[in-house]
Amino acid sequence: MEDEAKNIAVIATARLLQPDKEKLFIYSTAPTDGSAKKLEELGANKVIVPDKLIANRIFSYMLHETSGYVSDLFDRIAYGEEGELEIVELNVGESSHLVGKRLRDMDLRKTYGVTIIGIRKLDGSIDLTVSGDTKIESGDTLLLLGKPSNIRKAMNFYREVLHEA
């Protein structure tokens with residue numbers, strides 16, 4: 001909503017009805033970083049500052065002018081405009097059967113046609129140098145790349161595995 005007071009009211013009401021952030025994911029927008037922080041503290045999962053987002057994208061294009069195709073491709077993937085590719089996150093909980101396994105044990109590429117392109121660690125760092133020998137740790141978020149239909153199959157299977165743990 002364009003009115004910050006209305007955003008606050010909606011977020012507060014939604015969190016009263018469903019306090020669990022995993023069961024109800026709330027997106028919002030805010031005019032400034034300060035407002036965004038307040039809305040996140042109030043209960044929004046993700047708050048976007050549109051002017052900042054646009055400025056960052058323009059700055060990125062300026063810094064990486066020779067790789068315009070790659071930037072455009074990632075934009076299309078990120079915003080759902082690229083129908084052939086998708087990148088999603090698969091969160092690994094501490095009781096998951098995946099903890100301690102190596103990426104080669106999952107064999108996502110052969111089984112589903114999906115590739116793990118990186119792992120976001122619990123501390124927020126991203127490992128983009130993963131290999132078959134990379135071990136999965138509790139709290140890891142696997143970054144999967146593939147065709148949307150293949151991603152759905154892999155995610156459905158691993159969500160079942162992750163919930164069984």
Side-chain angles (χ1 to χ4, degrees), residues 11 14-15 18-30 33 36-50 52-53 55-57 59-61 63-64 67 69-165:
I11 292 168
R15 276 298 159 237
Q18 181 50 262
D20 186 345
K21 284 186 165 188
E22 294 298 316
K23 291 185 179 179
L24 176 64
F25 205 93
I26 300 173
Y27 289 98
S28 187
T29 60
D33 285 337
K37 185 175 181 185
K38 289 176 190 174
L39 293 175
E40 286 174 349
E41 289 172 356
L42 185 63
N45 296 72
K46 178 72 176 168
V47 180
I48 298 164
V49 180
K52 182 178 177 181
L53 183 67
N56 286 339
R57 291 307 304 138
F59 186 67
S60 174
Y61 281 116
L63 286 180
H64 307 286
S67 58
Y69 173 77
V70 173
S71 294
D72 286 343
L73 176 64
F74 278 118
D75 277 351
R76 290 193 314 269
I77 291 169
Y79 300 116
E81 298 168 14
E82 176 61 47
E84 294 297 315
L85 287 174
E86 192 171 273
I87 298 175
V88 298
E89 299 177 0
L90 177 63
N91 300 314
V92 179
E94 63 184 55
S95 61
S96 169
H97 294 298
L98 299 177
V99 173
K101 289 191 176 188
R102 297 187 188 281
L103 293 183
R104 76 165 48 96
D105 299 333
M106 294 177 68
D107 206 9
L108 283 174
R109 189 174 294 141
K110 183 178 177 185
T111 307
Y112 297 104
V114 172
T115 302
I116 297 174
I117 59 171
I119 298 176
R120 184 169 36 98
K121 305 306 270 178
L122 205 50
D123 67 2
S125 64
I126 297 178
D127 180 2
L128 297 174
T129 60
V130 296
S131 70
D133 290 327
T134 302
K135 273 192 175 179
I136 300 169
E137 299 174 357
S138 175
D140 281 353
T141 300
L142 310 180
L143 305 176
L144 309 180
L145 172 72
K147 292 182 178 180
S149 59
N150 293 346
I151 290 279
R152 276 191 300 279
K153 290 175 191 170
M155 292 295 285
N156 288 338
F157 175 76
Y158 282 104
R159 281 189 181 127
E160 288 176 20
V161 169
L162 294 174
H163 289 294
E164 287 176 5

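Here the shortest heavy-atom pairing between S138 and G93 reads OG-C, 3.9 Å. Scanning both residues, V114 and A154, for their nearest heavy atoms gives CG2-CB, 4.2 Å. Pairing each heavy atom of E86 with each of P148, the nearest pair is OE1-CB, 4.0 Å. Nearest heavy atoms, G43 versus I26: O-CD1, 4.1 Å. Contact record, A36 with V49: CB-CG2, 3.9 Å, taken as the closest heavy-atom pair.
Here K101 contributes atom NZ and S96 contributes atom OG; the two are 8.5 Å apart, rounded to the nearest 0.5 Å. For the atom pair I116 CD1 and L142 CG, the distance stands at 5.0 Å (nearest 0.5 Å). Distance check: L53 CG to T29 OG1 gives 11.5 Å after rounding to the nearest 0.5 Å. Here the straight-line distance linking atom CG of D105 with atom NE2 of H97 works out to 14.5 Å at 0.5 Å rounding. Taking CG of D127 as the reference point, atom OG1 of T134 lies at 6.0 Å (rounded to 0.5 Å). Atom OG1 of residue T141 and atom CG of residue N91 lie 4.0 Å apart, to the nearest 0.5 angstrom.
A 4.5 Å side-chain heavy-atom check between L98 and M106 finds at least one atom pair inside the cut-off. In this structure, the side chains of E89 and L143 come closer than 4.5 Å at one or more pairs of heavy atoms. Looking only at side-chain heavy atoms (C-beta outward), R15 and L24 come within less than 4.5 Å of each other. Here the side chains of L128 and I117 are not in contact, with every heavy-atom distance at 4.5 Å or above.
Atom NZ of K52 has 12 or fewer neighbouring heavy atoms from other residues, nucleotides or ligands inside a 6.0 Å radius. When the shell of 6.0 Å around CD of E94 is examined, it contains 12 or fewer heavy atoms from other residues, nucleotides or ligands. Within a 6.0 Å radius of NZ in K121, other residues, nucleotides and ligands contribute more than 12 heavy atoms.
If you run side-chain contact (heavy atoms from CB on, under 4.5 Å) between I151 and each of L108, V88, L85, only V88 comes through.
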* Hey, mind stepping through E137 and V92 against side chain to side chain contact (heavy atoms under 4.5 Å, CB included) and telling me if it holds? -> CA-CA 8 Å; E137 299 174 357; V92 179; over 6 Å; no
* To do: Report the C-alpha separation of D140 and R120 in whole Å, then their side-chain angles, then the decisive distance to 0.1 Å, and conclude whether the salt bridge (charged side-chain N to carboxylate O under 4.0 Å, His left out) test is met.
  => CA-CA 6 Å; D140 281 353; R120 184 169 36 98; over 6 Å; no
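Under the 3.5 Å distance criterion, with hydrogens and angles disregarded, no donor-acceptor pair is assigned to the side chains of S131 and D133.
Panel note: side chain N150, backbone Y112; a donor-acceptor pair is recorded below 3.5 Å. Without hydrogens or angle criteria, N156 side chain to K153 main chain gives no donor-acceptor distance under 3.5 Å.
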